[in-house]
Amino acid sequence: MLYVSRTWWNFTMLNGNSVAKLNISLRGGLIQPGDEGYDESRKVYNGMIHKTPRLIVRCANVADVIRSVNFARENDLLLAIRSGGHNAGGLGICDDGLVIDLALMKYTRVDPAGRTVIVGGGCTWGDVDHATHVFGLATPSGIISTTGVGGLTLGGGIGYLTRKYGLTIDNLLSADVVLANGTFVRANADENSDLFWAIRGGGGNFGVVTSFTFKLHQIDMIYGGPMLYELSETADVMKWYRELIPSAPDDLNGFFAFLAVPPAPPFPEHLHLKKMCEVVWAYAGPLTKAEETFKPIRAFKEAVLDLVGPLPQPALQNMFDGLYPPGLQWYWRADFVKELSDEAIAQHIRFGNTLPSMHSTMHLYPVNGAASRVGKNETAWSYRDATWAQVIVGVDPDPVNNEKIISWTKSYYDALHPYSAGGAYVNFLMGDEGEERVKKTYGDNYERLVAIKNKYDPDNFFRVNQNIKPTSKTSETIAA
Ligand SMILES: Cc1cc2nc3c(=O)[nH]c(=O)nc-3n(C[C@H](O)[C@H](O)[C@H](O)COP(=O)(O)OP(=O)(O)OC[C@H]3O[C@@H](n4cnc5c(N)ncnc54)[C@H](O)[C@@H]3O)c2cc1C
């Protein structure tokens, strides 16, 4: 039997009228190698990722998505789905296949009375904040406004409002989904509830989500920002922080981080590029109670720099956008953490002292509070008993330093992993961590996810993701 490579086969098969036919059937458009804008369109947020898709379809509506899904399936093309393109492992793009780029689907519709928002699959969180803030409303998202709603939501969604209102998926009411066979379904508590369970944490494994409906909360102003401490005080700060977060009121959130102070305002010049540690706070309770809430925090230790104060919710959401523009080199490793032991803190101090670049960091995001009051089998997200999602991030603008940031990230992770809870937040996994790591992350929800994958995507058509492999069929090799 003669085996041919998928790339060659697809190239030959697509050399007909089929691509032209697809093109005229679209309201958006498609881009192929050699077209103007192709190189720009295949870039993703992580500058380390360089992939060359055969087709990029810029979908304008659900019809374009259905046509693209059918085209990819009928032509046996690998399919990637791109919302914000932020995935560090580059899972929003693929080599040789078809990319469904949702960026044109940027609509939002707020129902201020019902406190919901309908969000197109191509929106970033900045788009959502823009639409909801004018009504003094918000839903839990992340910490950077350029991140896509699609990937962040389907993986779970951790951010400033997690302790008060839960993960992003805990606020998802309904989703419109195009399945592998091209059918369009709605997933919510009443319709296709198994699919609704799976997409709340199971990533892009089950279909293309063209629209999300979220619950909104009355959030207008936040009392928040960073408080910076000397690096030499890390042990004190971490030991105090590990006691504070498990018992803090839900209104209070704060992630711990290492940083090299950015050489720009609002940071004073004498601190520029100095290695420090910080807690980035977000208090979402009544502003009249904010100063009082922060009294014990300020009494614990005088910060070297205290930038915490009242600010509009979107201002906190985009505070770090300028520091992390698209195109930087990213490599990260993650774990869930239940407790911060003295031994783990000693390792954090060791690696915090050797941050390899100005952009590199380690964040500990609280995932307790409201997020921990949802049962571990109520959604696909299994680690409801973790206290933090930890992510170690090597970042640098210059690819020359890739070896340096990757080796620091891996060594730091190797030193900390023994103190972790086992799995990691799927959205903080790279693309190279393997099936076992994905299984660990879903724990005893994994088997149920496989059963739902068998039902909705038995051929593993949606596999450019942290893949949940179906057990019912395989179609890996094309024989000729
Ligand atoms: C700078 C930065 C900051 C971050 N901060 C946070 C944070 O605060 N909180 C947090 O929880 N995460 C955070 N993340 C992680 C982020 O959630 C993931 O990178 C996520 O994958 C990004 O989503 P995206 O839509 O931008 O990604 P993309 O690269 O577009 O897509 C990523 C994956 O999601 C799937 N996908 C995306 N959209 C859809 C859709 N509509 N239907 C089906 N599948 C889809 C794709 O198949 C792909 O596998 C951050 C990432 C970066 C780089």
Side-chain angles (χ1 to χ4, degrees), residues 43-49 51 59 62 65 69 78-94 99-103 105 119-126 140-162 167-169 175-180 187 198-199 201-212 253 255 280 282 316-321 323-332 334 359 361 363 365-367 371 381 389 391 393 395 424-431 457 461-468:
K43 281 185 188 158
V44 288
Y45 183 81
N46 183 355
M48 219 180 256
I49 307 289
K51 298 212 166 149
C59 294
V62 174
V65 173
V69 163
L78 185 64
L79 182 98
I81 308 158
R82 175 190 177 132
S83 172
H86 254 235
N87 190 273
L91 296 175
I93 191 129
C94 63
V99 177
I100 289 186
D101 182 345
L102 298 168
M105 295 174 66
V119 176
C123 284
T124 63
W125 283 106
S141 56
I143 65 149
I144 296 238
S145 80
T146 55
T147 311
V149 171
L152 181 138
T153 302
L154 297 170
I158 305 166
Y160 290 117
L161 299 176
T162 303
L167 303 170
T168 304
I169 48 172
D176 291 351
V177 189
V178 175
L179 301 175
I199 63 170
N205 270 285
F206 303 93
V208 186
V209 178
T210 53
S211 164
F212 300 83
N253 203 326
F255 72 84
V280 180
L316 183 62
Q317 289 295 137
N318 64 30
M319 188 174 273
F320 299 109
D321 289 9
L323 183 60
Y324 292 109
L328 304 180
Q329 311 291 306
W330 285 75
Y331 195 85
W332 61 23
H359 293 87
T361 183
H363 289 178
Y365 296 107
V367 288
W381 171 289
V391 62
V393 196
V395 189
Y425 174 35
V426 278
N427 277 343
F428 290 159
L429 294 176
M430 287 300 283
D457 185 18
F461 178 62
F462 298 112
R463 60 184 177 278
V464 183
N465 43 45
Q466 298 301 343
N467 197 222
I468 294 156

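Just so we're clear, the structure is a prediction, and the values are computed from it rather than from any experiment. Just follow the structure's listing: the first ligand is 1, and inside any ligand the first atom is 1.
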Do me a favour and list the nearest non-hydrogen protein atom to [atom] with residue, atom name and distance?
atom                    : answer
atom 9 (N) of ligand 1  : Ile158 O, 2.6 Å
atom 2 (C) of ligand 1  : His86 ND1, 3.7 Å
atom 6 (C) of ligand 1  : Leu152 CD1, 4.2 Å
atom 15 (C) of ligand 1 : Asn427 O, 3.7 Å
atom 41 (N) of ligand 1 : Val209 O, 2.8 Å

(request) For the residue pair Val393 and Tyr324, establish whether any side-chain heavy-atom pair is separated by less than 4.5 Å. (result) no
(message) Are Tyr365 and Val391 packed together at the side-chain level, in the sense that at least one heavy-atom pair is separated by less than 4.5 angstrom?
(response)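 A side-chain contact exists here, since the closest heavy-atom pair is under 4.5 Å.
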Interfacing atoms of ligand 1 (cut-off 4.0 Å, heavy-atom, [X]):
X      : result
Gly142 : 7 (C), 8 (O), 9 (N)
Leu154 : 39 (C), 40 (C), 42 (N), 43 (C), 44 (N), 45 (C)
Asn465 : 49 (O)
Val464 : 47 (O), 49 (O)
Trp330 : 1 (C)

(request) Any chance you could measure Ile93, atom CD1, to Arg82, atom CZ, to the nearest 0.5 Å? (result) 5.5 Å
Considering both backbone and side-chain atoms of [X], is one of its nitrogen or oxygen atoms within less than 3.5 Å of a nitrogen or oxygen in ligand 1?
X      : answer
Gly85  : yes
Arg82  : no
Tyr365 : no
Gly151 : yes
Leu102 : no
Ser83  : yes
Gly204 : no

(request) Pick, from Ile143, Ile81, Val178, the option with the minimum heavy-atom distance to atom 46 (C) of ligand 1. (result) Ile81
(request) Could you pull out, from Phe428, Trp332, Tyr45, the option with a heavy atom nearest to atom 51 (C) of ligand 1? (result) Trp332
(request) May I ask you to identify, for Tyr425, whether its side chain, its backbone, both or neither come under 4.0 Å of ligand 1 on a heavy-atom basis? (result)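 The side chain, only.
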(message) Has Gln466 got a side-chain atom pairing as donor or acceptor with Gly204's backbone, closer than 3.5 angstrom?
(response)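 Looks like no, no N/O pair under 3.5 Å.
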